[in-house]
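Each chain gets a letter, A, B and so on, in the order its sequence line appears, and its residues count up from 1. Note that the coordinates shown come from a computational prediction; the quantities given were computed from them, not determined experimentally.
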Protein chains: 2
Amino acid sequence: MAVTIRDVARQAQVSVSTVSRALSAPGLVKEATRQRVLDVVAGLGYQPNRAARSLITGRTGNLGIVVPDLGNPFFPAVLRGVQTRAGEAGTSVFFCDSREDPRTEAELVRTMAAQVDGVVLCASLMSDEQIVDLADLTPLVLINRIVPGVSSVLMDSASGMDQVVAHLESLGHKHYVYLGGPEAAWSNHRRMQGLRGRAQLLGSFEANFGGGGTAAEQALKTGATAFIAYNDLMALGVLSRLAALDVKVPQQISVTGFDDILYAAMCSPALTTVHMPTEEAGQVAVDLLAGLLDGGPAEQRELPTNLVIRASTTAAAKHE
Amino acid sequence: MAVTIRDVARQAQVSVSTVSRALSAPGLVKEATRQRVLDVVAGLGYQPNRAARSLITGRTGNLGIVVPDLGNPFFPAVLRGVQTRAGEAGTSVFFCDSREDPRTEAELVRTMAAQVDGVVLCASLMSDEQIVDLADLTPLVLINRIVPGVSSVLMDSASGMDQVVAHLESLGHKHYVYLGGPEAAWSNHRRMQGLRGRAQLLGSFEANFGGGGTAAEQALKTGATAFIAYNDLMALGVLSRLAALDVKVPQQISVTGFDDILYAAMCSPALTTVHMPTEEAGQVAVDLLAGLLDGGPAEQRELPTNLVIRASTTAAAKHE
DNA sequence: GTGAAAGCGCTAACAG
DNA sequence: CTGTTAGCGCTTTCAC
């Protein structure tokens, strides 16, 4: 069995409570005593048993994050942010992939709730009501989703989309289409708002490579000179399909994405897209969670996004 | 406060021990009693307190996974496999990104060790000795790394590389170079073995997009007709740089990657690469961990890899 | 088959 | 400032 607090107490010639205090309430112990305890702790390699501690404090020192799809590079980036900030506080992080199923999401949050101090929920597909119920169960912070009364951090999609539109118009594009994401995705609606009705809307497609391909074919029929994809994964599908159809990007069609995932800079032509501060969002989410745990109120935070202009957009083709 | 075992006991008119048994040792309780308890459990929505349970059993019901870089899509895929299998067993998973630092790796494993039943360590950069020490501390399963006496699951790089070489030679390539990964990466050495000395070795580069670009320039000077990249991320960098230099792939140079990350199929030309059963590896790792926890011996498991031929390779150019 | 009781390792009053 | 004591919620002997 591992070394316990009693071992430390014995060797440091103090009571267990002193050891406990030396470790978690330094101010309450005489400096000399504290030092002695710390030395013994180091010498013995003592690590407090978290189960015992949490049994009594009611806190686990853990937190959870639920994402819809680990296969979308966007989410691992958020994970990284969460872990970075959490790690600084000595907090460990559980993760779960809901595979884009709202039912699974709810179940995962419930399961996690039992063993974490709070959970971060990314791009949730659940209804507002479900989310409120969950927030009632455990401290909850949303990423890219707003539900009244629930903490959230938002990467400003609307503004990002606004920048896309401005960019396209400055290039002389008059007719551009929006290749929509899933109907159920909150971000999809948010992004449409940023469009301000200036783009033709083209249905709703799966938010992945395949969906982009399908969307591209339909978009081609509209005669638009620029395609705005819901996200980068779709945009990559668009690029691929257009290449296959021998449509030149950006000479014939300009294409934009959203998210600025790793691949956006790696493909050719490199994708003009909206950069999302994903890691930062993860970090801020942890901060908001901390606030909640300290008894603070729910907070909303909005992080700026910015357009990254690369090679997939150019001036609109002259009238042909 | 949440509902406890005593609440259940009271309402079911039995003792707490009976409730406990009904839940975790069904055989020791009369069926009728058990049913009554289960009904109450369901009615009250009772969830056993994991901290209390683990305090006494010594098991946490959690496991951890440490990866070198969440930004490489290869690793989220492994995470997914781990979580899938672990979830089936009601086990939750902690994750950590070591940012490719062996020191951080060791620290993370040590920290995790205190609150998990075992850890999965991916593509570790630590020395054999360090790993053995850690394996001594907590049940440990390695992915893509072999250390004597420690459990591991291997995706067969050597064979994969062998297939790459065979493919290239069947296309008539005589002179091809290997753009090496990090010196410290075990997989890098393993992959070189698969080369069997038939490729020219070209230093060691960062295993990412940037590294690929650098490597491509050097490789061009060798006059080789095919470039074998350490991994897909590098290969994508190669593709990008060659495109910038107006070198046609595959007409002038054939390029291969390794891993078959999502994007390998999305880029153009689509990448010929070695497919790795990442999710499966994650699942098998969990199985091996379970074996270890049941007191079983360390085991090695090897998963097959296979070449996926796409558009980035073609017959060697005729003598120019 | 079931109950009573003894802790798991730790923190948090409460004294001193 | 430090020690003593009483549990946190659960599993697990040990009786019956």
Side-chain angles (χ1 to χ4, degrees), chain A residues 1-41 44-62 90-92 111 113-117 293, chain B residues 1-41 44-62 90 92 111 113-117 138 293:
Chain A
M1 189 53 63
V3 26
T4 83
I5 200 173
R6 312 177 88 99
D7 300 324
V8 178
R10 195 172 316 123
Q11 188 163 338
Q13 317 250 50
V14 294
S15 72
V16 292
S17 19
T18 301
V19 176
S20 174
R21 280 188 285 253
L23 260 28
S24 40
L28 301 178
V29 174
K30 191 168 36 163
E31 184 51 28
T33 321
R34 198 177 81 92
Q35 207 41 253
R36 186 149 42 93
V37 171
L38 260 30
D39 287 348
V40 175
V41 164
L44 259 39
Y46 167 71
Q47 280 194 286
N49 179 318
R50 295 182 73 139
R53 177 178 282 178
S54 83
L55 183 54
I56 193 163
T57 61
R59 284 226 188 164
T60 61
N62 299 147
T91 302
S92 304
T111 309
Q115 52 192 321
V116 298
D117 296 334
L293 292 175
Chain B
M1 188 52 63
V3 27
T4 81
I5 200 172
R6 311 176 88 101
D7 301 324
V8 178
R10 194 172 319 124
Q11 188 164 336
Q13 317 250 49
V14 294
S15 70
V16 290
S17 11
T18 301
V19 176
S20 174
R21 280 189 283 251
L23 259 27
S24 40
L28 301 178
V29 173
K30 194 170 29 165
E31 183 52 27
T33 321
R34 198 176 81 90
Q35 205 42 252
R36 186 150 40 93
V37 171
L38 260 29
D39 286 350
V40 175
V41 164
L44 259 38
Y46 168 69
Q47 282 193 287
N49 180 318
R50 294 182 72 140
R53 178 177 282 178
S54 81
L55 183 54
I56 191 162
T57 60
R59 284 227 188 163
T60 61
N62 300 146
S92 303
T111 309
Q115 51 192 322
V116 299
D117 296 335
T138 183
L293 292 175

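Rounded to whole angstrom, the span from the CG atom of Leu28(B) across to the P atom of dC14(D) amounts to 15 Å. Ile5(B) places its CD1 atom 14 Å from the P atom of dC8(D), with the value rounded to the nearest Å. Taking atom CG on Asn49(B) and atom P on dG9(C), their separation rounds to 16 Å, with Å as the unit. As rounded to whole Å, 16 Å separates atom C1' of dC8(D) from atom CZ of Arg59(A). If you take CZ of Arg21(B) and P of dC10(D), they are 15 Å apart, rounded to a whole angstrom. The CD1-P distance, from Ile56(B) to dC10(C), rounds to 15 Å in whole Å. Going from atom CZ of Arg53(B) over to atom C1' of dG7(C) covers 17 Å, rounded to whole Å. Summarising the geometry, the separation between CD on Gln47(A) and C1' on dC10(C) is reported as 15 Å, rounded to the nearest angstrom.
Both Val29(B) and Leu55(B) sit near DNA chain C, but only Val29(B) has its closest nucleotide nearer the 5' end.
Not one N or O on the side chain of Arg36(A) forms a donor-acceptor pair closer than 3.5 Å with the backbone of Val14(A). Without hydrogens or angle criteria, Arg50(B) side chain to Gly61(B) main chain gives a donor-acceptor distance under 3.5 Å.
Counting any heavy atom pair closer than 4.0 Å across all strands shown, Ser17(A) reaches a base atom.
Here the side chains of Asp39(B) and Gln35(B) are in contact, with some heavy-atom distance below 4.5 Å.
Separating the OG atom in Ser15(A) from the CZ atom in Arg6(A) is a distance of 11.0 Å, to the nearest 0.5 Å. Atoms CD and CG, from Gln115(B) and Asn49(A) in turn, are 10.0 Å apart once rounded to the nearest 0.5 Å.
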For a quick test of your reading: what N or O donor-acceptor pairs under 3.5 Å do the side chains of residues 20-33 of chain A make, sequence neighbours left out?
{"from": "Ser24(A)", "atom 1": "OG", "to": "Ser20(A)", "atom 2": "O", "distance (Å)": "2.8"}
{"from": "Glu31(A)", "atom 1": "OE1", "to": "Arg34(A)", "atom 2": "NE", "distance (Å)": "3.4"}

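The rotation axes computed at either terminus of the helix from dG1(C)-dC16(D) to dG16(C)-dC1(D) lie 30° apart, taking five pairs at each end and rounding to 10 degrees.
Near DNA chain C, meaning a heavy atom under 4.0 Å from it, residues 30-40 of chain B has Lys30(B), Thr33(B) in order of number.
In terms of phosphate contacts, Ser15(A) brings no side-chain nitrogen or oxygen within less than 4.0 Å of OP1 or OP2 of dT2(D). Residue Thr18(B) has a polar side-chain atom (N or O) positioned under 4.0 Å from OP1 or OP2 of dG3(C).
Paired with Val40(A) under the rule side-chain contact (heavy atoms from CB on, under 4.5 Å), one option of Leu44(A), Val37(A), Leu38(A) passes, and it is Leu44(A).
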